[in-house]
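We name chains A, B, ... by the order of the sequence lines, and we start the count at 1 in each one.
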Protein chains: 2
Amino acid sequence: MPRIKKTKYAVLGMLSIKPMSGYDIKQYIDFSISYFWNENYGNLYPVLRQIEKDGLADKQVEQGDGKPNRNIYYITEKGKKELLEWLMEPVNRQPHRIELLLKLFFGHEISAENCIQKLQEEKEIHEGLLREYENVEKVLKSEKKYSSHEGLEFWLITLSYGKHDSKAKIAWCEESIKKLEKMKK
Amino acid sequence: MPRIKKTKYAVLGMLSIKPMSGYDIKQYIDFSISYFWNENYGNLYPVLRQIEKDGLADKQVEQGDGKPNRNIYYITEKGKKELLEWLMEPVNRQPHRIELLLKLFFGHEISAENCIQKLQEEKEIHEGLLREYENVEKVLKSEKKYSSHEGLEFWLITLSYGKHDSKAKIAWCEESIKKLEKMKK
DNA sequence: GCGCCCATGTAACTAGTTACATGATTCA
DNA sequence: TGAATCATGTAACTAGTTACATGGGCGC
């Protein structure tokens, strides 16, 4: 079973929204899905060239007077077809690694204080994320640019995932901190 | 900033519980932390050899009559020290990728039915996991072998993470399925 | 004058995955 | 008979990361 190059599909998906440059794609990803998907230029640009080579997108150079040129990519029929096929396929689950949990699993080797600190940090991160999700949701629902976005409902579903996730993590952190505080006594 | 080889610390952590062979470590990981940490033999065995070479563990060959020999590794003082140092360090967060969310984000490209199916599958997976977590918790609390486990509280904390996580995901799936059902009408 | 943003790109790297191999024993 | 478990290992691979380079424009 060969591993899948997922960057390709993330890129095709972005290009299905509108034609974009590599730089645009990165910006869009960072704003819209960065809490569950990351891409970096070092991978993005080569993948874009491959996508063009495979006829999944057409490139058009936008002359920037003064500014650098921009390579704008337009998804082709072939590209769209390949995207849809991938989207229809069942989700390929793969194992993940959560360093915080590994450290906590061996937590009795270190001080409860140190563990509490890690949990506190985790909690604060998720409190921040939660605020972000709520902000983005507001923006999506109010700004016309987004409220007419074709896939708005789906965007909101992924946002809701983030909210559920962060809330659960905050609750778990609080519960665990309490447990550890008790242990100290 | 060089990337960290985390397998090393997972292995050292396991050896801090008790001396084990590579095979044992894999079994232990699969039973105890597989829902947030994975290791495979192809990586485990080379890392174990490196750990021994670096003086972080000592190897002792256990003659198996009939059965294959087992290489049992014992953590050294140096190994323990390196483990503790790593455990004390702040958690190194790195981005993750959730394929289900990527597919849902572009969900308007395909049928709501297909999306619902994906959510249904996700829900069922987490219902299964939840049952597993509850079983493991029962075992840990009842079986003497585990109830005297040094880091039991910490094990329970990581289990609780799994429970919070799966419950949140189940709730999100149900909510999202409802949203999509409404959309279909 | 400094640093950030725009915009694209390359080279070097590596941690981890997959596939394969061996061979005895146990269980259905 | 055949599959699963025990037990260790190697070779080939690769997707993605990091670090670096370029250079003009813009804001403070």
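When rounded to the nearest whole Å, the span between CG of B/Asn40 and C1' of C/dC20 equals 14 Å. Atom C1' of nucleotide D/dA15 and atom NE2 of B/His96 are separated by 18 Å, given to the nearest angstrom. When the P atom of C/dG9 is taken as reference, atom NZ of A/Lys26 falls 16 Å away, rounded to whole Å. In this structure, OH of B/Tyr23 is placed 13 Å from P of D/dA4, rounded to the nearest angstrom. Here C/dA7 presents its C1' atom at 9 Å from CG of A/Asn69, a figure rounded to the nearest Å. Counting to the nearest Å, the C1' atom of C/dC6 and the CZ atom of A/Arg70 are 9 Å from each other. The nearest whole Å value for the distance from the OH atom in B/Tyr9 to the C1' atom in C/dA15 is 14 Å. In this structure, the CD atom of A/Glu39 is 15 Å from the P atom of C/dT8, given to the nearest Å.
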Are B/Lys6 and A/Glu99 close enough, and set up right, to give a salt bridge (charged side-chain N to carboxylate O under 4.0 Å, His left out), and what steps lead you there?
CA-CA 8 Å; B/Lys6 297 205 202 123; A/Glu99 190 180 310; 3.4 Å; yes
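Ring geometry, B/Trp155 versus A/Phe105: the interplanar angle exceeds 60°, so the pair is classed perpendicular (tilted spans 30 to 60°). The aromatic rings of B/Tyr9 and B/Trp86 sit parallel to each other, their planes meeting at less than 30°, with 60° as the upper class boundary.
Of the candidate nucleotides D/dC6, D/dT8, C/dT8, D/dC6 has the atom lying nearest to any side-chain atom of B/Gln27.
Counting heavy atoms of neighbouring residues, nucleotides and ligands inside a 6.0 Å radius, atom CD of B/Gln94 exceeds 12 of them. No more than 12 heavy atoms of other residues, nucleotides or ligands sit less than 6.0 Å from atom CE of B/Met88.
Between B/Arg97 and D/dG16 there is a side-chain polar atom (N or O) within less than 4.0 angstrom of OP1 or OP2. Look at B/Thr7 and you won't find any side-chain N or O under 4.0 angstrom from OP1 or OP2 of C/dA15. Look at B/Ser21 and you'll find a side-chain N or O under 4.0 angstrom from OP1 or OP2 of D/dT8. Taking only side-chain nitrogens and oxygens, A/Arg49 comes nearer than 4.0 Å to OP1 or OP2 of C/dT10.
Distance alone, capped at 3.5 Å, is enough to place a donor-acceptor pair between the A/Thr76 side chain and the A/Leu56 backbone.
At the heavy-atom level, B/Asn38 lies under 4.0 Å from the strands shown only through sugar-phosphate atoms. Among the heavy atoms of the strands lying under 4.0 Å from A/Gly42 is at least one base atom, whether or not backbone atoms are also near.
Nearer to the 5' terminus of DNA chain D, by closest-nucleotide assignment, is the contact made by B/Tyr45 (compared with the other of B/Tyr45 and A/Tyr41). Nearer the 5' end of DNA chain D, as judged by each residue's closest nucleotide, is the contact made by B/Asn43, out of B/Asn43 and A/Leu44.
At a threshold of 4.5 Å between non-hydrogen side-chain atoms, the residues B/Phe154 and A/Met183 count as touching.
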Enumerate all atom pairs, one protein N or O and one N or O from nucleotides 21-25 of chain D, separated by less than 3.5 Å.
none

